[in-house]
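Below is one structure; the comments refer to it alone.
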Amino acid sequence: MARRLTDIQGRGVALKDGQTLLDLYNERASLYRQYSDLTIVEGDGSLEDTVRSVFNAVGDSSAEV
């Protein structure tokens with residue numbers, strides 16, 4: 001995530017003074033889990049494996065990966 005957010009303020013990420021991205025993630029992680037409709041554990045699989053898992057979880061196993 002840190003690699004993608006090279007300009008944190010420009011992206012509008014709301015950090016408190018002295019707060020790091022890890023702090024923000026740790027603060028929000030339980031909310032992400034609580035309100036998610038779907039959680040995919042990607043493990044050591046490839047990107048294609050992860051996408052296939054998403055398609056299978058939402059019931060679209062005919063989609064091409």
Side-chain angles (χ1 to χ4, degrees):
M1 183 168 44
R3 286 182 293 190
R4 291 183 52 222
L5 293 173
T6 56
D7 182 12
I8 293 172
Q9 290 186 331
R11 293 287 303 264
V13 177
L15 292 175
K16 299 171 189 166
D17 286 339
Q19 187 178 35
T20 67
L21 280 176
L22 180 59
D23 295 334
L24 182 65
Y25 173 80
N26 289 334
E27 181 180 301
R28 295 181 179 180
S30 64
L31 295 172
Y32 295 150
R33 283 189 293 277
Q34 180 180 350
Y35 293 105
S36 67
D37 293 319
L38 175 65
T39 300
I40 301 294
V41 179
E42 62 181 302
D44 293 328
S46 67
L47 175 61
E48 289 81 10
D49 292 336
T50 302
V51 172
R52 189 173 294 106
S53 294
V54 172
F55 283 136
N56 289 337
V58 297
D60 191 359
S61 59
S62 66
E64 288 188 36
V65 178

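Since the structure is predicted, the reported quantities are computational estimates derived from the model, not experimental observations.
Shown here is Y35, whose OH atom has no more than 12 heavy atoms of other residues, nucleotides or ligands within 6.0 Å.
A distance-only check finds a donor-acceptor pair linking the side chain of D49 to the backbone of S46 [under 3.5 Å].
Defined by atom type and a distance below 3.5 Å, a donor-acceptor pair is present between the side-chain atoms of D23 and T20.
Rounded to the nearest 0.5 Å, atoms CD (Q19) and OH (Y25) are 14.5 Å apart.
With hydrophobic clusters built from ILVMFWY side chains whose heavy atoms lie under 4.5 angstrom apart, L47 shares a cluster with F55. Both I40 and V58 belong to a single network of hydrophobic side chains, linked directly or stepwise wherever heavy atoms of I, L, V, M, F, W or Y lie under 4.5 Å apart.
The two atoms that bring E42 and T50 nearest to each other are CB-OG1, 3.5 Å, heavy atoms only.
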